[in-house]
Amino acid sequence: MHLFEYSGLTAEIPADIFDSIVAIERMRALDPIRLSEYRSAMPKAEQLMPRSAAEAARYLFGANMAGYAQAMLGMLGAEERLFFDAGLPALHKVVTGEGTEIGDDDLEALSQLGESFRMADDVEVNPLLLVPAAVLDLINIAPFGESTVPTAMALMQGLLATRGFPSLRCIAIEGMIDKEDFEEALIEGSIGWGDGANDPFPFVRCVCEAVLLCERRFDNAYPLDMGRKLDKSTRILNIIKSSREPVSKAEICDIAPDISRRTADSVIAELVDAQLVEKVGSFKDARYAPSGTSLRGSGRRPGLKGWVRIGIGAHRTSVISGDARVRLYIG
């Protein structure tokens, strides 16, 4: 029998997860200053994030996520912390468009999950440990069958964003998740779940790494120098220099939505003329990299390749790991 207990998560944290959490907290410490310096830029980023989340979810789960953006807007508009509560079926219906009757056993499991989550939250278990562990339990309870996964992932962003992660109000965590790593972490973290013998840390690790990428992107989009914001020209150069791959103008404007395409055109032209940046590719597909580094990559964004879809497919093969209740489907 699975026990929903989260207070023990802090007892033995794997070293790499601890390092990720420290890195995240170090960047979060500057967020109050960042939010103040860039206060005029934040509303646009927050407005666009749900749409980005829906696009990433569509890619991750291989199904139409028409309600994903609406669900995200609703959660991020909450003035208080979100919890696992009776509103979960309504959230699922908004995310997927499906109404599902939850069985008595699953209702009891959800009640236990919600109570244990609140208790751990009250004693301030770090949300970077608590939220992914609880979301993993929700996925394994599977109250909505295979479509539990997108609902759980949408809820995860809301749970973290309402617990002091302003970066997740502006950047979709779904877009930072490597699909192959996510599938592997979900399977590994679910082995032995039914007997209460599973190790949640593979899934926690995957989520912490994605949140760290969100924080780095937040820092790149809204950098600080001695506690003051930078001008848009410096920010564009910073985005190009910090990217692992050459980036397009559209991607720059996506990272920092307050930078208009016209501004990006003008600034990049000046950077190219100053030989600080070089153009890679044709006019239509042009990307930009720091001068002398254009051969380092193809411009393809990392973390968006190769993973099997989770969700609905015309021909599906069930992949079940051990006695885990989570089911992944190859679409």
Side-chain angles (χ1 to χ4, degrees), residues 35 38 40-100 127 131-132 135 138-139 143-179 182 207 210-211 213-215 217-218 221-222 248 250-261 301 303-304 307 309-313 331:
L35 292 173
Y38 289 98
S40 63
M42 294 301 163
K44 186 171 184 179
E46 293 179 8
Q47 180 183 10
L48 293 176
M49 189 282 288
R51 187 176 65 185
S52 298
E55 292 172 355
R58 189 179 301 111
Y59 182 85
L60 284 173
F61 309 125
N64 184 11
M65 295 285 117
Y68 208 90
Q70 181 183 348
M72 198 69 67
L73 276 171
M75 287 188 292
L76 297 184
E79 295 182 359
E80 298 180 350
R81 293 184 175 190
L82 296 176
F83 291 90
F84 294 83
D85 55 26
L88 190 58
L91 174 64
H92 173 72
K93 187 170 184 179
V94 173
V95 169
T96 66
E98 302 174 1
T100 303
V131 170
V135 165
L138 173 60
I139 292 173
F144 312 115
E146 64 188 67
S147 61
T148 299
V149 178
T151 299
M153 293 301 292
L155 178 60
M156 183 171 71
Q157 177 129 0
L159 290 167
L160 287 171
T162 58
R163 281 168 173 77
F165 290 82
S167 64
L168 300 184
R169 293 181 176 274
C170 301
I171 300 168
I173 192 173
E174 295 86 349
M176 299 294 128
I177 292 175
D178 182 277
K179 298 193 296 183
F182 181 80
V207 173
V211 173
L213 289 176
C214 289
E215 290 291 341
R217 180 163 176 171
F218 196 51
Y222 309 104
S248 68
E251 288 170 338
I252 291 170
C253 295
D254 182 50
I255 291 171
D258 62 306
I259 296 177
S260 69
R261 180 59 181 265
R301 193 167 53 157
L304 293 180
W307 179 55
R309 294 176 175 179
I310 296 181
I312 302 171

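When a residue number appears, it is its place in the shown sequence, counting from 1.
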Let's go through F144 and L88 carefully: what are the C-alpha distance in whole Å and the side-chain angles of both, what is the deciding distance for side-chain contact (heavy atoms from CB on, under 4.5 Å) to 0.1 Å, and is it a yes or a no? CA-CA 10 Å; F144 312 115; L88 190 58; 4.0 Å; yes
Contact check, side chains of Y222 and L35, non-hydrogen atoms, under 4.5 Å: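 No, every pair of side-chain atoms sits at 4.5 Å or beyond.
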Could you tell me if the side chain of T148 sits less than 4.5 Å from the side chain of P143, heavy atoms only?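 Yes, close enough: below the 4.5 Å cut-off.
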Under the ring pair (Phe, Tyr, Trp, His ring centres under 6.0 Å) test, residues paired with F83 that sit two or more places apart: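 Partners of F83 by the ring pair (Phe, Tyr, Trp, His ring centres under 6.0 Å) criterion come out as none, since no residue qualifies.
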Taking side-chain hydrogen bond (donor to acceptor under 3.5 Å, both in side chains) as the test, write out the residues that go with Y68, two or more places apart.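 Residues passing side-chain hydrogen bond (donor to acceptor under 3.5 Å, both in side chains) with Y68: E174.
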Would you say T96's side chain and K93's backbone share a donor-acceptor pair under 3.5 angstrom?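 No; judged by distance alone, with no hydrogens or angles, the pair does not exist.
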Quick one: pull up CD1 in I255 and SG in C170 and give me the separation to the nearest 0.5 Å.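 SG of C170 is found 13.5 Å from CD1 of I255.
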At their closest point, which heavy atom of A56 faces which heavy atom of G175, and how far apart are they?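 So the minimum-distance heavy-atom pair works out to CB-N, 3.7 Å.
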Atom of A210, atom of M176 and distance for their closest heavy-atom approach: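 A210 and M176 have their closest heavy atoms at O-CB, 3.7 Å.
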I'd like a table of donor-acceptor pairs (distance under 3.5 Å, sequence neighbours excluded) in which one partner is a side-chain atom from residues 149-169, with atom names and distances.
from, atom 1, to, atom 2, distance (Å)
T151, OG1, H92, ND1, 2.8
Q157, OE1, I173, N, 2.9
Q157, NE2, L168, O, 2.6
Q157, NE2, I171, O, 3.0
T162, OG1, L82, N, 3.2
T162, OG1, G158, O, 2.9
T162, OG1, L159, O, 3.3
R163, NE, D121, OD1, 3.1
R163, NH1, L82, O, 2.8
R163, NH1, L159, O, 3.1
R163, NH2, L82, O, 2.8
R163, NH2, D121, OD2, 3.4
S167, OG, E215, OE2, 2.8
R169, NH1, L76, O, 2.7

Please output the side-chain donor-acceptor pairs of residues 44-54 that fall under 3.5 Å, not counting sequence neighbours, one pair per line with the distance.
from, atom 1, to, atom 2, distance (Å)
K44, NZ, P257, O, 3.2

Side chain to side chain contact (heavy atoms under 4.5 Å, CB included) partners for A71, two or more places apart: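 If we apply the side chain to side chain contact (heavy atoms under 4.5 Å, CB included) test to A71, skipping adjacent residues, the hits are L91, V94, V95.
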